Engineer: 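Sharing a structure with you now.
None of these values were measured; they are calculated from a predicted model.
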Amino acid sequence: MRVVVLMFGTVGWGSLSETERGSYYAQHRAFADAVDQRPGCRLVGGNALTGGADATMVRFAGAHQAVTQGPYAGATDQLGGYYEVEAPATGDVLELVRHLPSSYTIEIRPVLDSA
């Protein structure tokens, strides 16, 4: 199965000290290493995302397209990044995400095979 691990948080990257950033980097490396070492698991990809203030929201109402700059509806938690992981079962991913920073709210969502 393939899943996307979505990482939400309230802490802005710019507000972290170099030491705190180093800790976050170390935890992300630990996650990637744990995925690589777990049988049947593979890290497909992932990236950090810029803040919600950089987002462009697009909504459609019939033929009309509404474009809004900035985060969605004043959400306090912002999507900060994602990983795409192949794993035998959701339970494997639940164990792996323990390596990520505990300040995150994590959403694990299966990827639909649309081919």
Engineer: Kindly compute the distance separating OG (Ser23) from CD (Glu18), expressed to the nearest 0.5 Å.
Structural biologist: 12.5 Å

Engineer: Quick one, Met57 and Val67 - any side-chain contact, counting heavy atoms below 4.5 Å?
Structural biologist: no

Engineer: Among residues at least two apart in sequence or on other chains, which ones pass side chain to side chain contact (heavy atoms under 4.5 Å, CB included) with Leu43?
Structural biologist: Phe31, Ala32, Val35, Tyr83, Val85

Engineer: I'd like to check the side chain to side chain contact (heavy atoms under 4.5 Å, CB included) partners of Glu95; sequence neighbours left out, ordered by chain and number.
Structural biologist: Arg38

Engineer: If you measure from CZ on Arg109 to OG1 on Thr90, what distance do you get to the nearest 0.5 Å?
Structural biologist: 13.5 Å

Engineer: Around atom CZ of Arg21, are there more than 12 heavy atoms of other residues, nucleotides or ligands at under 6.0 Å?
Structural biologist: yes

Engineer: Going from CG on Leu79 to OG1 on Thr105, what distance comes out if it is rounded to the nearest 0.5 angstrom?
Structural biologist: 11.5 Å

Engineer: Do Ile106 and Val4 belong together in a cluster built from hydrophobic side chains that touch within less than 4.5 Å?
Structural biologist: no

Engineer: Give the minimum heavy-atom separation between His28 and Pro101, together with the two atoms involved.
Structural biologist: NE2-CD, 4.0 Å

Engineer: I'd like to know if Val93 and Val44 are part of one continuous hydrophobic network [Ile/Leu/Val/Met/Phe/Trp/Tyr, side-chain heavy atoms within less than 4.5 Å].
Structural biologist: no

Engineer: Please report the C-alpha distance between Leu100 and Val5 in whole Å, then the side-chain angles of each, then the deciding distance to 0.1 Å, and finally whether the side chain to side chain contact (heavy atoms under 4.5 Å, CB included) criterion is met.
Structural biologist: CA-CA 11 Å; Leu100 293 170; Val5 175; 4.2 Å; yes

Engineer: How close do Pro88 and Pro39 get, heavy atom to heavy atom, and via which atoms?
Structural biologist: CG-O, 4.0 Å

Engineer: Who pairs with Tyr25 by ring pair (Phe, Tyr, Trp, His ring centres under 6.0 Å), at least two apart in sequence or on another chain?
Structural biologist: Trp13

Engineer: Would you name the heavy atoms of Tyr82 and Met7 that are closest together and state the gap between them?
Structural biologist: N-CE, 3.3 Å

Engineer: What heavy-atom pair brings Cys41 and Asp92 nearest, and what distance separates the two atoms?
Structural biologist: SG-CB, 4.2 Å

Engineer: Are Tyr104 and Leu49 linked, directly or through intermediate hydrophobic residues, by side-chain heavy-atom contacts shorter than 4.5 Å (ILVMFWY only)?
Structural biologist: no

Engineer: State the CG-CD1 distance between Leu94 and Ile108, to the nearest 0.5 angstrom.
Structural biologist: 4.5 Å

Engineer: From Gln27 CD over to Arg98 CZ, what is the distance, rounded to the nearest 0.5 angstrom?
Structural biologist: 14.5 Å

